[in-house]
Number of protein chains: 2
Amino acid sequence: MKNYRCIVEYDGTNFSGFQVQPGKRTVQSRIEFGLNLFLKEDIKIFASGRTDAGVHALGQVFNFSTETKIPFSNIKKSLNNFIDDDITIVDIEEVNINFHSRFYSVSKTYLYKIYNSKVRSSIHRNYSFHVSERLDIDLMQRTADKLIGKKDFKSFMASRSGKVNTVREIYYIRINKTDDFIELEFKGNGFLYNMVRIIVGMLVDVSKGVIDIEEIDDIIKSKDRTRLRHTAPASGLYLKSVEYLEDSSKIPEDKMKNFLNRGNNKE
Amino acid sequence: MKNYRCIVEYDGTNFSGFQVQPGKRTVQSRIEFGLNLFLKEDIKIFASGRTDAGVHALGQVFNFSTETKIPFSNIKKSLNNFIDDDITIVDIEEVNINFHSRFYSVSKTYLYKIYNSKVRSSIHRNYSFHVSERLDIDLMQRTADKLIGKKDFKSFMASRSGKVNTVREIYYIRINKTDDFIELEFKGNGFLYNMVRIIVGMLVDVSKGVIDIEEIDDIIKSKDRTRLRHTAPASGLYLKSVEYLEDSSKIPEDKMKNFLNRGNNKE
């Protein structure tokens, strides 16, 4: 029995999200279909977390175990031939049998792309969020800086999510503008359901003057989702990478406990 | 009666090319559908030329004449609401009644994007040409430079095209690399059917060692299409812009004659 860890890129446009759902085309079901076809085994994959319909990934991580006799070099070379072209296995490596993509992850990095131009773009429509009003990057960065650190982000969680522990730590939010694109990079120990998209919606609203930067601390304290009305669309969101402990030889006690407290880690 | 010139961007992925074809979804038919819906008139558009299935445009140009009473500012503001979101009217202006997007054009600029990385990319699959072998930009540029000027490009025309006058002038081919992308920009007074894609296929073959740079002059002279076997895919090609005479108040005699000699200008 071998355990393989894969880094996977996907174009979320034509998927009903990551997780298997009956009758829907999902990333997980198409990867499992391809692996089953290739390895002739009933493979189940374990990802670092789910992504919603329309959300993309540059570096999602999943692992799977297999009894296959196919040599690793052949698996590496031919895997993508068995997988739909809107999913690409960017890298694969053998890991110890205990490794689990979700339990072992220590942080995640997301990218959010805004297309900031008067007129919409057809070519970028599925890969960004179009905002026609000119945005104030400095103001957005100063607002974002108020979210850095360990905080209860209940105000930033989709209301239908039933999560109990809503404390998360954001390590950084970096905002950069290149031509008509604004890229926001988020790194944290975990993100609540829709949290990145709700933060982006808030930053855009601050830039538009709908929300004042002085309200931010109060919005966090209120733990009231209704204070933030706009969730930025899925099309602009990319799971950029998932980070792991250097030594993944066993699940650390506190990490496991932390995970059990958190329930599903969906963004 | 007014004549409007539009600059249009489109994502060619889900179109059977530009030109109207019975039973197919084409760029022209969707623009005409939107204009008819908006202006409540049977509008016919005239573009600078056709593009094939899968080919994109950043700055295709078309014009149409209309009897509408709707003020120009309203047309400009609302036009895109009537058009599918994989087509965007980037700009619109009133031009003199004689202006015709094809007859008046003096040159065209195309962009071709190569994704040069060992592993394919899902996110860029419909917007670039994936080449896994490392390409030699310097060699490609030196090869491209041999095509600059006024030449008979018969060897670079799709064989099913029936064009008689195959002389064109290429003003420049500029090749730039940024991260994993190689962008090739072509400007010329006109391009034969598939000419840009055949040139890109040749440049890649030279970089791979399939064709020697010393053969290029002979390939041009041979006027033999079978010397170049690879046409780069449509997904990497973008019509970037169409250039017009400063004073478009009348069709210049020689331009009109030149056009009639050329027949349809399809790329």
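Reminder, nothing fancy here: chain letters follow the sequence lines and each chain counts from 1.
Counting heavy-atom neighbours within 6.0 Å of B/Tyr171 OH, excluding the residue itself, gives a total above 12. At most 12 non-hydrogen atoms from other residues, nucleotides or ligands lie less than 6.0 angstrom from NZ of A/Lys24. More than 12 heavy atoms of other residues, nucleotides or ligands shown are found within 6.0 angstrom of CZ on B/Arg25.
By the side chain to side chain donor-acceptor pair (under 3.5 Å) test, B/Thr68 pairs with no residue at all, sequence neighbours left out.
Interface residues of residues 71-87 of chain A toward chain B, defined by a heavy-atom distance below 4.5 Å and sorted by number: A/Asn80, A/Ile83, A/Asp84, A/Asp85, A/Asp86, A/Ile87.
Contact detail for A/Val119 and B/Thr88: the closest heavy-atom pair is CG1-CG2, 3.4 Å. Annotation for B/Ile123 and A/Tyr238: closest pair CD1-CE2, 3.9 Å, computed over non-hydrogen atoms.
The contact between A/Tyr127 and chain B is made entirely by side chain atoms (from C-beta outward), counting heavy-atom distances below 4.5 Å. A/Ser121 touches chain B through backbone and side chain together, each having a heavy atom under 4.5 Å away.
Proximity of a side-chain donor or acceptor of B/Glu9 to a complementary backbone N or O of A/Ser122 within less than 3.5 Å is detected.
The distance from atom CZ of A/Arg125 to atom CG of B/Asp11, rounded to the nearest 0.5 Å, is 4.5 Å.
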